[in-house]
Structures are given as C-alpha cells and as structure tokens.
Amino acid sequence: MNTLSKILNRLRVLHIKFGSEGEPAMELVPYRVRKGKVETGETRTLSGIEAEKSVLNKAPLIVAVSGKGVITKDTSAGGIAETVMSDTETFVWTKSGDGSVSFVRRSQFAKIRTELHEAGVTPLYTECLSDGNAEHLAAVASRFYAEHMKWKIVLKPTAEGSRLASLLAKRIQLPILAIVLLALMVNFMLSSGGHEDFQSASTELAALRKSASSATASSGRRQAALEEFSRTLPYRFSWLSDRIAAATPEEVVLNELSIAPVTKNIEAGKPVQQNVRMVVIRGETPSAESVASFAESLGGLGTVRLAAVEQDREQAILTFRIDMRL
C-alpha cells in the first residue's frame, strides 16, 4: 500500500443486487486499509440514497451491480462480449482476470443513478459482478487500492482523478498540504491546455485589472467584482465549456449553457449580481438514460443536481435542467 492509500484509507461499496421482482436491494459495505491489509466493516442495508448522502460522500464510493440482468461471457469467444465492450453508452461492463466479462444495461439501474445525482453523490465508477457475495465485493475493494489508488490517477484530468483529488484535499494534514496543492495545480494545467493557457489567462486578467484601475469610481466597483470572480471560480470559461461539450451524449441537444448566471436584473450604476460558482444547463433528449449518463459525466466538475425533467408525450422528448455547483 502506498502513501495515498494510507491517507484515503476508507472505501465504501454500494452493492445493488437485482432480484426476480420488485426494487433492487441496496447494501453499503465499508472497507478500511489497516497495516497494509483491506479490512471489511459492518454491512448495512439502505432504504434510500438521500438519507445516506453525507455518509456516501465521506469516502471514495464504488457502485457494484449483481443479480438478475447481470450477464457473464467469455471474451475469448468474441461475439457478444466484443459487442458489449464496444458499446459503453448502452452497457456497463467489468473484465475479470479469468478472461470473462460481466455486463449489465445502464437502463436497468438508471433510477438509482438518478437518485445518486440528485443527492449530490458521485461514485468513482461502476463494477459488474457475476456473484455479489462477500468474496467478490472484497475483491472490488482490493482491486481499487491496487489499480486506482495511485498518484498518476489523481493527476489525470478525468472525473475519477478530480473526485479523488477533492476527497484527498478534505483528508490531508498540514505537513503535506503543499503536495496536494501541487497535484491540483498540475491537474488544472493539464485540463486547461498547459502552461501557455495559464500564462495567457494571467495576462488577460492583468490587462483587465489595469483598465479597471484607470476608470471612474463605478469602474472601481466593477474591478472589485472582477477580482472576487477570479478568486471564486475554479475553472476558466473556455475549459469548462469544452469539458461540458465533451461530456454531452449524442442524443442530447443543449439549449442553454449559463456559467455564473446573473441573479438580479442589471441596473445602470450598480454592480452585476452573479452566482459565480453555479452552472445551469438546459437541453432536450428522447432518452431518460442520456440525462442520467450526462449528469454522471459532469460529476467530476462539481456537485451535480438534476433540477427539473419534463416530458412532451406528443413529441416523445424530455426537457431537463441540470444545476452544477463548482
């Protein structure tokens, strides 16, 4: 176990087990790294996501799916296994060390994924299990610490890396705070195009400040608002827009993307009131699954909430609004 595993030494696995009828059963299985070994805690049965969101957000979370609807095939035979692994929009799949692949349709647990997003809970990823017994769940935890709990994962500009970096920042102690800040800076610079983009952004901001300082008293108020905005918004507009566009499924049509929306009517001589850490996304799609997939993809950028969903039965189109707090 590396240093990162010692800091983020707790893991939670949300086990979703589908039966022959009714709603799937949900269990929360906690794990902890102690003296280089992964230990299993007491399993709890969950009745809902909203009531447990504070617990689910305290440590890295993995969703494990098993039971009816989860199919396991040998990859050596090709055929359906290759089709499943190439269609990530329809299926979630996990490849095992014995050469088999277990998979399930995303639509089968779309409701639970939606509940997670509405509660502001962001899992790192989902695994499919051929058997949801304690041994297989423990293997999920061991595989996470062996393959995913690495500094190079934290430094990658991905949803998983951003989530791990956020959890790490909450757990870190002062002696190694500088290391985490460096990791977050590298993550940001890789995501936004590197050092040149960072220098360009600094130059643009300096020019704006110089212009504001030479204006009237009203300009001085605008400069103060600009400086406050630059301190509070964690991403550049262009980079944030690119990430949202890249996460948008093909079936989704975006009608509105509002970054730091204005909260009050603009009046002459008064500073503009903005919610600088909020992003509002509106769009439409014929597939409810696309909305859940889109919200899940945005989870690495901030806290995502599905604010509204309406269905036009005549045109078979869903309109939605997603609020994301950075």
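In plain terms, the two heavy atoms of Glu118 and Glu50 that are nearest each other are O-OE1, 4.5 Å. Nearest heavy-atom pair, Cys128 versus Val70, reported as atom, atom and distance to 0.1 Å: CB-CG1, 4.2 Å. Looking at every heavy atom in both residues, Ser290 comes nearest to Pro249 through O-CG, 3.8 Å. Here the shortest heavy-atom pairing between Gly132 and Leu137 reads O-CD1, 3.8 Å. Nearest approach of Val104 to Gly69, heavy atoms of both residues: CG2-O, 3.6 Å. Nearest approach of Lys6 to Asn9, heavy atoms of both residues: O-CB, 3.7 Å.
Within 6.0 Å of CZ on Arg106 lie more than 12 heavy atoms contributed by other residues, nucleotides or ligands. Around CD of Glu250, the count of heavy atoms belonging to other residues, nucleotides or ligands within 6.0 Å does not exceed 12.
Here the straight-line distance linking atom CG of Asp74 with atom OG of Ser96 works out to 10.5 Å at 0.5 Å rounding. The structure places OG of Ser102 at 8.0 Å from NE2 of His136, a figure rounded to the nearest 0.5 Å. One distance of note links OG of Ser162 with CG of Leu155; it measures 11.0 Å at 0.5 Å rounding. Separating the CZ atom in Phe144 from the CG atom in Leu11 is a distance of 5.5 Å, to the nearest 0.5 Å. Residue Ile71 holds its CD1 atom at 12.5 Å from OG of Ser130, rounded to the nearest 0.5 Å. Rounding to the nearest 0.5 angstrom, the gap separating the NE2 atom in His15 from the CD atom in Glu27 is 6.0 Å.
A cation-pi arrangement is found for Arg113 relative to Phe109, the charged atom lying closer than 6.0 Å to the ring centre and inside a 45° cone about the ring normal.
Side chain of Thr90 to main chain of Asp87: no donor-acceptor pair is present (N/O by atom type, distance under 3.5 Å, no hydrogens or angles). Proximity of a side-chain donor or acceptor of Ser293 to a complementary backbone N or O of Glu289 within less than 3.5 Å is not detected. Panel note: side chain Thr114, backbone Ala110; a donor-acceptor pair is recorded below 3.5 Å.
A 4.5 Å side-chain heavy-atom check between Leu61 and Val121 finds at least one atom pair inside the cut-off. Val92 has its side chain out of reach of Tyr125: every pair of non-hydrogen atoms, C-beta onward, lies at least 4.5 Å apart. Side-chain contact between Val101 and Met85 is present, with at least one heavy-atom pair separated by less than 4.5 Å. With a 4.5 Å cut-off on side-chain heavy atoms, Leu116 and Leu14 count as touching. You'll find the side chain of Ile281 stays beyond 4.5 Å of the side chain of Arg321, heavy atoms only. Residues Ile80 and Val84 are in side-chain contact: their nearest non-hydrogen atoms beyond the backbone lie under 4.5 Å apart. In this structure, the side chains of Ile49 and Met26 come closer than 4.5 Å at one or more pairs of heavy atoms. Side chains of Leu8 and Leu164 form a contact here, defined as non-hydrogen atoms less than 4.5 Å apart.
Listed by chain and residue number, nothing satisfies the side chain to side chain donor-acceptor pair (under 3.5 Å) test with Glu310 (two or more places apart in sequence, or in another chain). Applying the side chain to side chain donor-acceptor pair (under 3.5 Å) rule to Arg10 yields no partners; only residues at least two apart in sequence or on another chain are considered.
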Could you walk me through whether Glu23 and Lys111 pass the salt bridge (charged side-chain N to carboxylate O under 4.0 Å, His left out) test, one step at a time? CA-CA 10 Å; Glu23 297 292 326; Lys111 180 180 178 182; 3.6 Å; yes
Side chain to side chain contact (heavy atoms under 4.5 Å, CB included) between Thr285 and Ile317: does it pass, once the steps are laid out? CA-CA 6 Å; Thr285 177; Ile317 291 178; over 6 Å; no
Starting from the C-alpha separation in whole Å, work towards a yes-or-no answer on side chain to side chain contact (heavy atoms under 4.5 Å, CB included) for Val279 and Leu298. CA-CA 11 Å; Val279 178; Leu298 297 172; over 6 Å; no
Let me see the working for Ile62 and Val140 under side chain to side chain contact (heavy atoms under 4.5 Å, CB included), right down to the final yes or no. CA-CA 8 Å; Ile62 300 172; Val140 170; 4.1 Å; yes
Walk me through it: do Leu318 and Asp312 pass the test side chain to side chain contact (heavy atoms under 4.5 Å, CB included)? CA-CA 6 Å; Leu318 291 173; Asp312 187 334; over 6 Å; no
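Under the 30°/60° scheme for interplanar angles, the aromatic rings of Phe294 and Phe320 are found to stand perpendicular.
Residues Arg44 and Glu52 are paired through a salt bridge, judged by an N-O separation under 4.0 Å between the basic side chain and the carboxylate. A salt bridge between Arg325 and Asp323 is absent, with no side-chain N of the basic residue lying under 4.0 Å from a carboxylate O of the acidic one.
Hydrophobic clustering (side-chain heavy atoms under 4.5 Å, transitive across Ile, Leu, Val, Met, Phe, Trp, Tyr) keeps Leu56 apart from Tyr31.
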